[in-house]
Amino acid sequence: MYFATSQLPHSPPSPSLEPPLTCAQGHSSTLIIPTDEGGSICLLCLSNLISNPRSPTVHVSYALSQLSIALFQPSFRQTFFTFHSHFLISPLVGVLSSFYDEPIAKQTMDLIMQLCEAPDCDVHAEFVARLADRLSSGSLAWSQRQLHSPTVISKAFSTENDLEDPIKIYTKNRSSLGLPKKPFLLSRRNGCPHFQSRQWPSIVQVTLETETVAISFCLKQSPEGQFLLEYSEDIQGEILFVLYKLFLLNGSQDGEDPPSLFGHFSKLLHLALAVLMKAQSDDVRLNCIAFLTVMMQRGFFQTTSIIGTRSRSCYDVDHLMETNEQISDGPLAILFAEAVKGPLLSSDNQVQIAALDLLYLYLSRKDVLENEIQVFVEENIADYAFEVLRLSGCKDPTIKSCIQLLDILATAEQAFRQRLAIGFMALIPVLHHVAEIPFHPVQTKTLRLIWNSVENCPGVVSKSQVEEISLSLTGMLKKNLDGEIGMLPETLALVCSIFVALMKCSSTCGISSFSLSIQDASRNCILTCLINYGKYPGQLLNSLYLLKEAYSYSVGMNSSSSMNTDLRRSIIDVCKTHILPWFMKSLHEMEDEDIPAAILENFYSILLQDSDTETKIFANVLLTSSWFSFAYGCLGLFPSEKMKRNVYLIFSVMTDIILGVDSARCISDAAPHLPSDPIDLLFLLGHKSSQNVELSSRQLAVLLLLYISSLYDDRIADDKLVLASLEQYILLNSSENMHGASVLGIFINLYALYRGLAKVSYQIPYSPEAERIVFHLLAEKGWDLLSTRIHVTSLKWLFQQEKICNVLSAQILKFCRCHCSNINQINIHGEANQKIDVYVMTELVALGDNFVGTLMVFLLGEAGEQYSEYDVVSLVNTIKRIIEISPSTSDQFCLHGIATAIKNLYYKFGHSLSPDTFMSISELVSYILQAVHSESLSDDESWVAIVVKIIDYLIPSVAADGWTPGTLISIGILSMVLHHSVNQVMVEASKTIILSTHMLSLVNTTIANACSKGPSLLEQNEGARSVEALVFVLSLLFFSLRSAHAILPGIMDFQYLLDPTNIPQPWSYISIQCHDLCKLLHFGSIPIKLLSSQYLLELFSGIEDEKSRKSDTLEFRTNYLTSIMAVLEGQLFSSDMSVAMNCSLCLSMLIGWQDVETEVSAIQRNNWCRFIVEELVISLAAPSLASKSFMIHHKPAIHIAVELLRRKKVLQWMTSIFDESCIFAITRNITNSNLSAELVFLLRKLLNYGFLNDEQIAALNQVFQECRKCIYTDKLQHAGAEEKTWNVAAASDYVGKVCQFLISLVTTQPSSGMESSRFQSEKRELLEEIDLFSKCLMRED
């Protein structure tokens, strides 16, 4: 043999490529091909070398490598493939079976693959044919050498050259066939299953021949009767790969099986299953599964089953092969199930997935029978799948394959149920995984398996698993609502079903997190479905079903627990806040009645729990949303019997909630016979129902429906039509159907309501005869106003009817008795509460267009003769409560003559009144006088009698028992009478008080006792009875002073009141002298100081007014005034600002009264006044240097400074204090935040007296302008006339309340003739002072 290239494999090419004439063996030059290196290869020598089994392997290996290298040279390659492409085919095939050397076999296989790339397609075909022939000859028996032949065949079928797929030859260039995304190929083979080749007609014949060869090879037996011994699995793997490629190549376009394979499908299938069952190599398993998968995809399993039905012998193992272990003859499903168990237990995840997908492919066929699936379940395939799933680590490919297989196995329900219970735990981690991935391929199937487990095996779910499942599902719903993930309609339906199934499990009881999950899930599910209703309308039914079951769960076991209570509240809140508004808005968009019916069923299930407060609130929400009109609208759109039943059942249960249990039985009983149109309901009332029990029951149901709807202003028919129907009903049935109190109450409420509405419209006629019958029934049938709910319009109309005042009086007295017995109960009054409570009666009294107030006053006046003392107290307490709720009602009672009624009570009962009753009546008088407007007071004679009676009670009671709550309230009443007399009402009653010698003696004694205590008076507790008595007496003295000035001006002697020395009192009337006031002001507690200073301010204001009219009539002792000034100066720094301000105003008036000529020196020596002014200036000019207390009290000091500035001759030290630098500092520190009316008042006086220059005035004007802007920006509103109320926060009993009221009444009274009277509202006062400042500036300009 001659190899010219062997010595110089890398030498440069020779200049001439001409082949030599002959080789060393003398072979023809036509078989010698030159190489690029300058040498040549003799093909005949090469053939002889490799064909001789005794040739040294090193020579063979070298020759093969040299040929392989030369084939990469273009010139050599072209010459070889053009003239000698078939020359080496037979020798190379022989090498595979002649040498036991593995490297040579690999070299040969690689070289064959190179030769198969020849442009001539017949080379490829001849290789395959010769290899198949060598395999089928049996000459090699079963040996290692035989392994290389199928390997080459498999490589030939897997080549990635440009050979055309034989299928394309048949189908005229149709697209090639392929496997799924994950091809089942051995890891060491990288052949592509997708074939791309050019036309090669001859390979079709070769391929068909190879099929038969391969099959016969697979069925061969060794002489020893053993199958594939030493290298059997490797050979099996190669053969299976060849078969896998053959079935890919020979799958026909029209679905017909190749004739040469038709009779072998069953044998091949059973052989492959047998190999798969016994294989230990994952490579063999993978190739076997790939082959079976292709068969299944080509439909060969169906062909096999057809053949199998013709003859069971086709899969007889004895005809397939002989082994040392027989495979039992049986159904294909059992053989299949046994075969895949080994791959399912493999450690190779790819093998497991391939086996799972193969099972899924087999069981998902259209022709698969349920009993076949059951066979797989009984053969424990589900258990294997669950185990693979458990060990998968939640890897997505494994999860997908396992879940889709288990989903098919689950169709065999009975057999699968037990396996599912065992493997359920493996599904929990999978649920967590798929719940986090939007639209996961097996998300729905996983949820279906979970639901199947919980529904059919509830006992297997533990508490921890319940929590895990519920949290995962709740998270899915929340993310779906938030838009983070999507959810298919089927997925949402399964989530709802799982929750419902979990709620039926006993293991969920007492799990707080599960209740919270249900709460969140039901809410999120409803919200999602409402949002997506237009896109997925059917989803809402699932969420409504979940909501209904969740509510049933909350009222089940342990319904009173906080968890279940919160769950019920959440569900009711969802219904109120979301479902109800959406339902009312979207009703006309619904096409069928399923959703409205489901919503109504949910509402009905909630309303059935009428013992729950939340349920009653929900019923009230429905009723206040015009539910009756809306429900009849539903019936108009969906007039089915089911809808009508649901609507009337809800009406029935709502009526039971409003009126009491079983009160609406007639509605539920008559529901099938009641019409859907409310107009037809009214038609039922126009019939006489005597001797017709059914008609009578239906008429009662109609009345109840009208009654409940009318209570909430929900009119289901025209008012005129309803009134006519009611009148027709009463005219026809008054004698038969009106015997029951409840029926009468319902009818009276309806009739009065529509009569009241007719009165408002003035256009609806009525029947006088029907009215007469109604009034007769009210008088004769024992009507009870308090037993039923009644519309306020009905109640108002009834109390406007003078013809039934006797009946109404009895009802009012009954109401007062009930109110008195329940006086301590809290009655919540609201818009939708139709119970007759004190709030409703208060509203009627305040309106004044009815007889409620008149009848109450009438009953109070008649109480002394016809009613017991208990009735008196009931009436009195009810009137008190009405006035307390609405103080304006006191005006109505006074206009109706309540003073006369109270006088009659005092005098008719006389001394027989118990202390409690007298106290109640006195409190009523106090309530009236506190709340009434003076212009509403009249009947002065009655008030005189009341005052006399109170004084007659007061004097002996104090003498006998001291100061008691009754006597203190009596003092308070007298004070309030005097207060009103300032407006020229109750004049005679006030004169009786002022001129009463008994009262004068009592007041003087009280004041004297208080003054005698001296400093110890301050040590007494403010809550002590003696301090309270002193407060009441000082209030009486204050109002006596004001009243005397208004109604008895001639009786006032200011000289005597200010300085009584050597001056006898001209008239005996209630008064106090100035020195006693100073003692109380100096030693008393804060309330006493406040009232004393207020009295002094009122007294000094009167003196100031007297001096302005008669300047020479009053004379004051200097020493006396000085002592008063000392007391007043000491109170300028009182902790109470009102006391300090009152004393400041009094002191400023005293300074003004002093004679200028005689007292200038005294004032100059008054260091106290100078100290006050200096501290004032420091606090305004340099706030950081002033004392903390004076920063609070600079307002009272301003009035002292202003009064000193008013003197005809300004004091020298005043000028030195208010110098230019000081005023500049003051104006510099003034800002919006610290500007006050008193400060502007001071600046105005400084302007008047020339202390301000132009620069300072300009700066102040700028600050004032900014201040105005801020105030107007805040929208300053002047306080208008408002109803009087009193603060009771600091007083626990009524005496304390009256005391506070009197103090507030005293301190809010303006004193006449004082500039301080304009400081009533801080912002308004500030604006007024700024305006006065501007006016003064304009006058100066």
Check residues 524-531 and write down every donor-acceptor pair under 3.5 Å in which the side-chain atom is one partner and the other belongs to a residue at least two apart or another chain.
unit_1: N524; atom_1: ND2; unit_2: D520; atom_2: O; d: 3.1
unit_1: T528; atom_1: OG1; unit_2: N524; atom_2: O; d: 2.7

- Just do the side-chain contact (heavy atoms from CB on, under 4.5 Å) check on L405 and F376 with the steps written out, would you? CA-CA 11 Å; L405 173 61; F376 279 86; over 6 Å; no

- Message: For a 4.5 angstrom cut-off between non-hydrogen side-chain atoms, does L674 reach D680?
- Response: no

- Partner set under side chain to side chain donor-acceptor pair (under 3.5 Å) for D566, not counting sequence neighbours: none

- Roughly how far, to the nearest 0.5 Å, is CG of L711 from CG of L753? 8.5 Å

- Message: Does this structure show an ion pair linking E467 with K463, if we count only N-O contacts that are shorter than 4.0 Å?
- Response: no

- Determine whether R568 and F618 make a side-chain contact, defined as any pair of heavy atoms from C-beta on separated by less than 4.5 Å. no

- What residues, two or more places apart in sequence or in another chain, satisfy side chain to side chain donor-acceptor pair (under 3.5 Å) together with Q539? none

- Task: Report yes if some heavy atom in the side chain of M643 is under 4.5 Å from a heavy atom in the side chain of L600; otherwise report no.
- Result: yes

- Task: Could you tell me whether a side-chain N or O of T411 sits under 3.5 Å from a main-chain N or O of I408, the two making a donor and an acceptor?
- Result: yes

- For N349 and T398, test the side chains for any donor-to-acceptor distance below 3.5 angstrom and give the result as yes or no. yes

- Side chain to side chain, L703 and L685, heavy atoms closer than 4.5 Å: yes

- Task: Verify the distance criterion only: is there a donor paired with an acceptor across the side chains of N452 and E413 at less than 3.5 Å?
- Result: no

- Query: Hey, are the side chains of I403 and L427 touching, using non-hydrogen atoms and a 4.5 Å cut-off?
  - Reply: yes

- How many angstroms lie between atom CD1 of I571 and atom OG of S605, to the nearest 0.5 angstrom? 8.5 Å

- Return each pair, listed once, that meets side chain to side chain donor-acceptor pair (under 3.5 Å) where at least one residue sits in residues 636-653; pairs must be two or more places apart or across chains. E593-S640, Y632-Y648

- Message: To the nearest 0.5 Å, what is the distance between OG on S570 and CD1 on I518?
- Response: 10.5 Å

- Message: Classify the ring geometry of F583 against F603: parallel below 30°, tilted from 30° to 60°, perpendicular beyond 60°.
- Response: perpendicular

- Query: If we only count heavy atoms from C-beta on, is the I572 to Y551 side-chain gap below 4.5 Å?
  - Reply: yes

- Message: Test side-chain contact (heavy atoms from CB on, under 4.5 Å) on S625 and Y712; report intermediate values, then the result.
- Response: CA-CA 9 Å; S625 302; Y712 294 85; over 6 Å; no

- Message: Any heavy-atom pair between the side chains of L580 and W627 that's under 4.5 Å?
- Response: yes

- Hey, could you give me the CG/CG distance between L431 and L471, rounded to the nearest 0.5 Å? 10.5 Å

- For Q519, does its backbone N or O pair with a side-chain atom of S522 as donor and acceptor, under 3.5 Å? yes

- Task: Salt-bridge test for K479 and E436: reply yes if a basic N is under 4.0 Å from a carboxylate O, no otherwise.
- Result: yes

- Given N602 and I579, is the side-chain contact (heavy atoms from CB on, under 4.5 Å) satisfied, shown in steps? CA-CA 10 Å; N602 272 271; I579 297 180; over 6 Å; no

- Task: Mark yes or no for whether Q443, through its side chain, and P438, through its backbone, hold a donor-acceptor pair below 3.5 Å.
- Result: no

- Query: Of all heavy-atom pairs between S554 and N564, which one has the smallest distance, and what is that distance?
  - Reply: O-CB, 3.3 Å

- Item | Exam field: side chain N480 to backbone G486, donor-acceptor pair closer than 3.5 Å | no

- Item | Heavy-atom donor-acceptor pair, R419 side chain to F416 backbone, under 3.5 Å | no

- Query: Which value, rounded to the nearest 0.5 Å, describes the distance between L757 atom CG and S710 atom OG?
  - Reply: 9.0 Å

Show every donor-acceptor pair shorter than 3.5 Å between a side-chain atom in residues 490-506 and any protein atom, with sequence neighbours excluded, or say none if there are none.
unit_1: E490; atom_1: OE2; unit_2: R448; atom_2: NH2; d: 2.4
unit_1: T491; atom_1: OG1; unit_2: T444; atom_2: OG1; d: 2.9
unit_1: S497; atom_1: OG; unit_2: A493; atom_2: O; d: 2.9

- Item | Short side-chain to backbone donor-acceptor contact, E589 and S586, under 3.5 Å | no

- Minimum-distance pair of heavy atoms, taken over all atoms of V461 and S507: O-OG, 3.0 Å

- What heavy-atom pair brings A415 and E378 nearest, and what distance separates the two atoms? CB-CG, 4.5 Å

- Task: Please tell me if the side chains of K478 and E484 come closer than 4.5 Å, counting only heavy atoms from C-beta onward.
- Result: no

- Query: With no hydrogens and no angle check, do the side chains of N749 and R789 hold a donor and an acceptor under 3.5 Å apart?
  - Reply: no

- Message: For I595 versus P537, what's the shortest heavy-atom pair and its separation?
- Response: CD1-O, 3.5 Å

- side-chain contact (heavy atoms from CB on, under 4.5 Å) evaluation trace for D714 with L623: CA-CA 8 Å; D714 186 9; L623 290 168; over 6 Å; no

Using atom types as modelled, flag every donor-acceptor pair under 3.5 Å from a side chain in residues 386-397 to any protein atom, sequence neighbours excluded.
unit_1: E387; atom_1: OE1; unit_2: R390; atom_2: NE; d: 3.2
unit_1: E387; atom_1: OE2; unit_2: R390; atom_2: NH2; d: 2.4
unit_1: S392; atom_1: OG; unit_2: L389; atom_2: O; d: 2.7
unit_1: S392; atom_1: OG; unit_2: C394; atom_2: N; d: 3.2
unit_1: D396; atom_1: OD1; unit_2: H433; atom_2: NE2; d: 2.9
unit_1: D396; atom_1: OD1; unit_2: H440; atom_2: NE2; d: 2.6

- Item | Separation between CG of L409 and CG of D383, rounded to the nearest 0.5 Å | 10.0 Å

